[in-house]
There are 2 protein chains.
Amino acid sequence: MALTIGRVAKGAGVEISTLRYYERRGLLSRPGRTRAGYRQYPEDEVLRVRFIRRAQGLGFTLEEIRGLLALRVRGGKRCGEVASAAHATRDRLRARCRELLQMDRALSRMIRACRQGRATDACPILEALEPGVDQ
Amino acid sequence: MALTIGRVAKGAGVEISTLRYYERRGLLSRPGRTRAGYRQYPEDEVLRVRFIRRAQGLGFTLEEIRGLLALRVRGGKRCGEVASAAHATRDRLRARCRELLQMDRALSRMIRACRQGRATDACPILEALEPGVDQ
DNA sequence: GTACACACTGTACTATGGTAGAGAGTCAAG
DNA sequence: CTTGACTCTCTACCATAGTACAGTGTGTAC
């Protein structure tokens with residue numbers, strides 16, 4: 001049961017034109033077509049599109065997301081290649097997460113200061129991030 | 001010892017034009033000027049700019065970063081307001097971090113599968129994220 | 001067989017986050 | 001006092017990530 005582009009769009013909560021755009025950018029592979037030229041998507045295309053939107057929400061560019069989506073193990077071949085790409089990606093995710101947690105701690109400090117009625121005149125987020133500045 | 005725009009740019013690793021752009025967008029407050037009209041920045045402006053770049057790397061828009069930079073406790077006044085904004089921001093950071101860790105786990109699974117010579121034909125990241133799809 | 005929703009391509013426009021260049025003034029060294 | 005590096009404003013351009021629209025074809029319900 002193939003889906004039309006309209007159904008995929010509705011399912012994933014995006015515009016039809018966005019799906020065509022993703023196709024042009026190589027994030028979605030070219031689907032089959034009916035004789036009339038209508039795109040025919042497999043049902044799980046919706047999941048792929050949702051993934052794209054979530055990853056964008058996390059601050060990845062479409063280029064990066066294209067890379068994420070390309071990561072998969074194909075029959076043991078080129079495994080080393082894929083595994084090292086996966087490792088590198090994982091490292092970047094973790095670094096990102098660490099920085100988020102640093103901001104989190106800064107905010108917590110601020111909230112505490114606030115509760116105690118102390119004023120922090122300088123920006124606490126900015127201060128809190130200073131130690132990590134050189135990487 | 002005030003800094004010229006060129007020194008701030010060099011210190012923060014950005015273009016001069018970018019600093020003027022940030023000023024227009026309200027991320028940097030208008031600095032004092034010399035009689036000749038040259039901008040005069042306090043030394044810690046460099047830190048502020050570095051913070052902006054890091055936050056951008058974490059996927060925040062300039063608008064969001066403007067909000068982050070505005071969060072500070074001013075002499076106990078408007079504390080409730082600021083604290084609730086800080087809480088909300090912290091919640092968003094944590095949600096973001098959780099999603100990153102979800103992707104992290106997906107990658108780890110893939111790396112394990114790879115080591116064991118198993119092929120995962122579907123995209124493992126995509127699969128791993130499915131449970132979280134509905135929020 | 002004619003509405004009407006939906007699909008197709010192609011082009012053009014939008015917002016965000018910058019970057020580049022013109023034309024002019026400024027500062028510091030020699 | 002001139003040369004060169006730096007700064008100023010203003011306008012125009014660029015890439016990314018879409019969105020909108022024109023003009024045309026399709027599919028189905030009545």
Side-chain angles (χ1 to χ4, degrees), chain A residues 1-43 45-46 48-70 92 96, chain B residues 1-43 45-46 48-70 92 96:
Chain A
M1 273 262 315
L3 303 175
T4 62
I5 195 168
R7 291 203 143 286
V8 173
K10 185 158 271 179
V14 303
E15 298 282 323
I16 288 176
S17 50
T18 301
L19 294 177
R20 296 200 269 244
Y21 177 67
Y22 288 169
E23 186 181 322
R24 279 204 301 289
R25 293 290 306 269
L27 280 93
L28 302 179
S29 47
R30 321 220 139 165
R33 301 283 184 127
T34 63
R35 275 123 298 137
Y38 283 27
R39 287 170 181 80
Q40 290 198 293
Y41 292 100
E43 297 201 36
E45 203 72 353
V46 173
R48 196 178 175 95
V49 177
R50 284 197 194 138
F51 170 74
I52 294 170
R53 307 303 316 217
R54 293 187 72 202
Q56 276 189 299
L58 293 173
F60 293 94
T61 65
L62 292 188
E63 248 325 277
E64 289 171 321
I65 296 168
R66 220 173 51 72
L68 289 174
L69 286 168
R92 274 186 293 118
R96 220 177 249 228
Chain B
M1 273 260 319
L3 302 175
T4 62
I5 196 170
R7 291 204 144 286
V8 173
K10 185 158 271 178
V14 303
E15 298 280 325
I16 287 174
S17 49
T18 302
L19 294 177
R20 296 200 270 243
Y21 176 66
Y22 288 168
E23 188 181 320
R24 277 202 302 287
R25 293 290 307 268
L27 281 95
L28 302 178
S29 46
R30 321 220 140 165
R33 300 283 184 127
T34 64
R35 276 120 298 140
Y38 284 26
R39 287 171 179 81
Q40 291 198 292
Y41 292 102
E43 297 201 34
E45 203 73 352
V46 174
R48 195 176 175 96
V49 177
R50 283 197 194 138
F51 170 74
I52 295 171
R53 307 305 315 219
R54 293 187 74 201
Q56 277 188 297
L58 293 173
F60 294 94
T61 65
L62 292 188
E63 247 326 277
E64 288 172 322
I65 296 168
R66 220 172 51 71
L68 287 175
L69 286 168
R92 276 187 292 117
R96 218 177 250 229

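So that the names make sense, note that chain A is the first sequence line, chain B the second, and so on, each numbered from 1. Predicted, not measured: the structure shown is a model, and the values here were computed from it.
Direction of the helix axis in the helix from dG1(C)-dC30(D) to dG30(C)-dC1(D) shifts by 0° between the two five-pair termini, rounded to 10°.
With sequence neighbours left out, Gln40(A) forms a side-chain hydrogen bond (donor to acceptor under 3.5 Å, both in side chains) with no residue at all. The salt bridge (Lys or Arg N to Asp or Glu O under 4.0 Å) check on Arg20(B) picks up nothing, with sequence neighbours excluded. Applying the salt bridge (Lys or Arg N to Asp or Glu O under 4.0 Å) test to Glu15(B) and every residue at least two apart in sequence or in another chain returns nothing. For Arg53(B), the side-chain contact (heavy atoms from CB on, under 4.5 Å) partners are Val14(B), Thr18(B), Tyr22(B), Gln56(B), not counting sequence neighbours. Contacts of Tyr21(B) classified as side-chain hydrogen bond (donor to acceptor under 3.5 Å, both in side chains), with partners at least two apart in sequence or in another chain: Arg25(B). The salt bridge (Lys or Arg N to Asp or Glu O under 4.0 Å) check on Arg92(A) picks up nothing, with sequence neighbours excluded. Remark: Arg7(B) engages no residue in a side-chain hydrogen bond (donor to acceptor under 3.5 Å, both in side chains) (not counting sequence neighbours). Applying the salt bridge (Lys or Arg N to Asp or Glu O under 4.0 Å) criterion to Glu64(A), with sequence neighbours excluded, gives no partner residue.
Regarding Leu28(B), its CG atom lies at a distance of 11 Å from the P atom of dG18(C), rounded to whole Å. Rounding to whole angstrom units, CZ of residue Arg25(A) and P of dA17(D) are separated by 5 Å. In this structure, the CG atom of Leu3(B) is 15 Å from the C1' atom of dT7(D), given to the nearest Å. Per the geometry, CZ belonging to Arg30(B) stands 13 Å off P belonging to dC8(D), to the nearest Å. Rounded to an integer number of Å, the gap from CG of Leu27(A) to P of dA17(D) is 9 Å. Taking atom CD of Gln40(B) as the reference point, atom C1' of dT7(D) lies 12 Å away to the nearest angstrom. Atom CG of Leu62(A) is separated from atom P of dA17(D) by 4 Å (rounded to the nearest Å). Taking atom OH of residue Tyr21(B) and atom C1' of nucleotide dA20(C), one finds them 15 Å apart after rounding to whole Å.
Using a 4.5 Å cut-off on side-chain heavy atoms (C-beta onward), Leu28(B) and Arg48(B) make contact.
For dA7(C), the OP1/OP2 oxygens have a side-chain nitrogen or oxygen of Thr4(A) closer than 4.0 Å. Between dG18(C) and Tyr22(B), a contact under 4.0 Å exists linking OP1 or OP2 to a side-chain N or O.
Along DNA chain C, the nucleotide nearest Gln56(B) and the nucleotide nearest Ile16(A) are compared for position; the residue whose nucleotide lies closer to the 5' end is Ile16(A). For the pair Ile5(B) and Glu15(A), both in contact range of DNA chain D, the more 5′-proximal nearest nucleotide belongs to Ile5(B).
For the atom pair NZ of Lys10(A) and OG1 of Thr4(A), the computed distance is 10.0 Å after rounding to the nearest 0.5 Å.
With dA7(C), dG18(D), dT19(C) as the candidates, the nucleotide lying closest to the side chain of Thr18(B) is dT19(C).
Contacts classified as salt bridge (charged side-chain N to carboxylate O under 4.0 Å, His left out) and involving residues 27-41 of chain A (residues at least two apart or in different chains) are given here: Glu23(A)-Arg39(A).
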Report, one pair per line, the protein and nucleotides 9-11 of chain C atoms (nitrogen or oxygen only) whose separation is under 3.5 Å.
residue, atom, partner, partner atom, Å
dT9(C), OP1, Arg33(A), NH1, 3.3
dT9(C), OP1, Arg33(A), NH2, 3.2
dT9(C), OP2, Arg39(A), NH1, 3.1
dT9(C), OP2, Arg39(A), NH2, 2.9

Find every protein N or O atom lying less than 3.5 Å from an N or O atom of nucleotides 24-28 of chain C, and list the pairs.
residue, atom, partner, partner atom, Å
dG25(C), N2, Tyr38(B), OH, 2.6
dT26(C), O4', Tyr38(B), OH, 3.2

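Taking the ring centre of Phe60(B) as origin, the terminal cationic atom of Arg54(B) falls outside the region bounded by 6.0 Å and 45° from the ring axis.
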